[in-house]
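Quick note: numbers below take in every heavy atom, side chains included, and nothing from hydrogens, waters or symmetry partners.
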Amino acid sequence: MQSLHPKFRDCIAEPWPRALLVGAIVLGAALPLLVGACVTYGAGTDAALDSLLAPTTDFTKLEPGEAKPGGEATSRGSTDTPNAFSLSSGNMDFKRELDFKVGNGIFRKNWVSAPSSTDASDGLGPLFNSRACQNCHLKDGRGHPPLSSDVPDDSGSMLVRLSVPPTTDEDKALLDAHKVNSLPDPTYGGQLQDFSIQGIEAEGKLKIDYKERKVTLAGGEIVSLRVPIYSLTDLGYGPASPDIMISPRVAPQMIGLGLLEAVPEEQILANADADDANKDGISGKPNEVWSREQQKLMLGRFGWKAGIPTITQQAAEAFNGDIGLSTTMIPKGSGDCTEKEKECLDAPNGNSPKYQNVEVGDDLFNMVVFYSKNLAVPARRKADDPEILQGKQLFYQIGCIGCHKPKFMTGDAPGQPHLSHQLIYPYTDLLLHDMGEGLADNRPEGDATGNEWRTAPLWGIGLTGTVNGHTLFLHDGRARNITEAILWHGGEAQASRDKFAALSDADRARLVAFVNSL
């Protein structure tokens with residue numbers, strides 16, 4: 001420590017987040033930025049971090065670390081290939097690469113029904129949406145709705161969440177205690193499974209019809225937004241509840257999840273303003289959800305409505321709901337089958353004493369979790385181009401950063417020092433916001449109302465076409481490009497949406513180019 005700048009020595013001698021600084025010194029990632037902030041503010045460490053994370057006012061050049069949005073964990077591989085989302089954290093210890101590759105293999109594995117001679121791969125279903133994780137998260141990227149109204153989506157990359165309103169005091173107590181985020185349909189459970197193993201009938205299909213709605217922008221450009229109309233068809237087990245609520249959702253991209261999990265809760269909650277006390281029209285709200293791991297309430301970070309607190313729980317719930325596989329966290333071999341689906345409950349499962357009496361034992365499961373935490377964020381493209389920088393300034397000026405907060409500093413990531421103490425640029429606040437009636441699914445989830453959605457991270461969004469072969473955005477893929485996605489914003493984002501629509505053609509193109517550079 002004697003070799004450090006004397007002002008910095010004095011600063012870290014103060015009783016503020018020493019762990020953050022020590023980790024930064026060890027990894028060397030955020031140290032120069034923290035030194036600068038600390039020297040500027042002396043012992044005021046909260047001010048130092050606030051200064052580091054404050055939105056920039058200088059749009060003539062890149063901010064420190066901005067070209068590498070995942071910090072030192074940013075991918076070191078090429079960004080112009082379909083594998084841009086499938087590379088490991090750039091600063092990960094070489095010894096962990098094998099764990100990453102094994103996790104990738106399990107993530108890509110197609111599961112089969114039980115019983116099977118390959119007992120390490122059996123247990124599929126009996127009802128399911130996909131045979132493999134990779135089939136939902138295409139190339140570790142973004143899913144999509146059916147690309148043609150005449151051809152069903154056989155990729156499993158669009159799911160339908162199901163729930164019903166509470167009708168008993170017990171139901172209301174469960175919701176009030178946050179022990180559950182929603183109540184499943186008595187017949188079809190919490191998710192519609194549109195595939196099944198041999199001899200078992202699938203639950204049904206999602207039918208989508210679109211109608212077009214014209215929007216005129218400044219300068220006379222006309223953009224057509226497609227408005228989806230959803231219905232459930234071919235129901236295999238009788239009628240659903242008359243008051244059933246449905247929420248179609250595409251699988252989100254997987255990059256940077258471990259970094260988002262490592263952001264200290266206090267940084268996220270610092271942006272919360274549920275009652276809009278500062279009267280800026282933005283009312284970011286946390287979703288407080290039940291942790292299966294910790295058996296307590298935690299901040300929700302993952303999922304379209306921030307309904308999941310950790311990547312581990314996200315993986316367990318996806319194995320169970322999407323593929324019908326049991327884990328030690330959710331040891332239900334029949335997946336999402338309900339009591340009214342007796343053939344499904346009675347079908348053989350793959351629970352095995354060799355794998356802790358579940359279908360995905362902890363060894364395999366933990367590799368998938370490690371893989372999910374370490375899918376790297378790609379580096380920015382042409383980030384210092386003058387047109388891109390002008391687009392960034394416009395993005396800030398029209399208020400997009402009210403929800404899409406540019407940056408955070410990660411804290412300690414247990415067991416993963418390479419994800420710790422990184423300055424990251426995800427462009428999200430991980431909070432819930434009212435997005436207006438146009439985007440509402442009218443289905444509550446935990447503290448999220450039917451109008452509220454978690455702010456989606458924007459990093460990597462411009463590579464969607466390269467990785468996934470489409471540019472379909474928002475929770476249900478209704479937007480066919482970035483412009484349409486912005487024009488769908490309402491509620492708290494209405495003012496920014498209107499300012500975007502009022503920009504000149506050239507300025508709108510600059511702003512969209514900036515978003516595509518992320």
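Looking at Lys285, its side chain does come within 3.5 Å of a backbone N or O of Asp447 through a donor-acceptor pair. For the pair Gln134 (side chain) and Asp140 (backbone), a donor-acceptor distance under 3.5 Å is present. When atom types are taken as modelled, the side chain of Arg142 and the backbone of Pro252 share no donor-acceptor pair closer than 3.5 angstrom. Here the side chain of Gln191 pairs a donor or acceptor atom with the backbone of Gly321 at under 3.5 angstrom. At distances below 3.5 Å, not a single donor-acceptor pair connects side-chain atoms of Asp412 with backbone N or O atoms of Pro414. With Lys332 contributing its side chain and Cys337 its backbone, the two residues share a donor-acceptor pair below 3.5 Å. A donor-acceptor pair is defined here as one N or O able to donate and one able to accept, closer than 3.5 Å; no such pair exists between the side chain of Glu452 and the backbone of Asp434. Listed for the Arg161 side chain is no donor-acceptor partner under 3.5 Å among the backbone atoms of Leu159. Using a distance-only test at 3.5 Å, with no hydrogens or angles considered, a donor-acceptor pair links the side chain of Glu261 to the main chain of Ile311. The backbone N or O of Met92 lies less than 3.5 Å from no partner atom in the side chain of His418, so there is not a single donor-acceptor pair.
Around CD of Glu339, the count of heavy atoms belonging to other residues, nucleotides or ligands within 6.0 Å does not exceed 12. Counting non-hydrogen atoms of neighbouring residues, nucleotides and ligands closer than 6.0 angstrom, the CG atom of Asp93 exceeds 12 such neighbours. Atom CD of Gln198 has 12 or fewer heavy atoms from other residues, nucleotides or ligands within 6.0 Å. Annotation: Arg76, atom CZ; neighbour count of heavy atoms from other residues, nucleotides and ligands within 6.0 Å does not exceed 12.
Taking the six-membered ring for Trp and thresholds of 30 and 60 degrees, Phe195 and Phe128 have nearly parallel ring planes, at less than 30 degrees apart. Between His404 and His489, the ring-plane angle classifies as tilted under the 30° and 60° cut-offs. Between Tyr371 and Phe100, the two ring planes are tilted [angle within 30° to 60°].
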Could you walk me through whether Asp429 and Thr455 pass the side-chain hydrogen bond (donor to acceptor under 3.5 Å, both in side chains) test, one step at a time?
CA-CA 6 Å; Asp429 60 6; Thr455 305; 2.9 Å; yes
Checking Ser517 against Ile388 for the side-chain contact (heavy atoms from CB on, under 4.5 Å) test, could you report, in this order, the C-alpha distance in whole Å, the side-chain angles of both residues, the deciding distance, and whether it holds?
CA-CA 8 Å; Ser517 78; Ile388 299 283; 3.6 Å; yes
Derivation of the side-chain contact (heavy atoms from CB on, under 4.5 Å) call for Gln422 and Glu72:
CA-CA 7 Å; Gln422 300 295 325; Glu72 292 304 312; 3.5 Å; yes
Are His433 and Trp453 close enough, and set up right, to give a ring-ring contact (aromatic ring centres under 6.0 Å, His included), and what steps lead you there?
CA-CA 6 Å; His433 295 275; Trp453 300 92; over 10 Å; no
Stepwise side-chain contact (heavy atoms from CB on, under 4.5 Å) test for Leu439 and His475
CA-CA 9 Å; Leu439 287 178; His475 66 278; 4.2 Å; yes
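Both the sub-6.0 Å distance and the 45° axial angle are not jointly satisfied by Lys205 relative to the ring of Tyr230. A cation-pi arrangement is absent between Arg454 and Trp304 under the rule of less than 6.0 angstrom and at most 45 degrees off the ring axis. For the pair Lys296 and Trp290, the cation does not sit on the ring face, since its NZ or CZ is not both under 6.0 Å from the ring centre and inside 45° of the axis.
To the nearest 0.5 Å, atom SG of residue Cys133 and atom CG of residue Leu325 are 8.0 Å apart. Here CG of Leu364 is found 5.5 Å from NZ of Lys109. Values are rounded to the nearest 0.5 Å. We find the CG-OG distance between Asn374 and Ser75 to be 12.0 Å, quoted to the nearest 0.5 Å.
When all heavy atoms of Ile486 and Leu511 are compared, the closest pair comes out as CD1-CD2, 3.9 Å.
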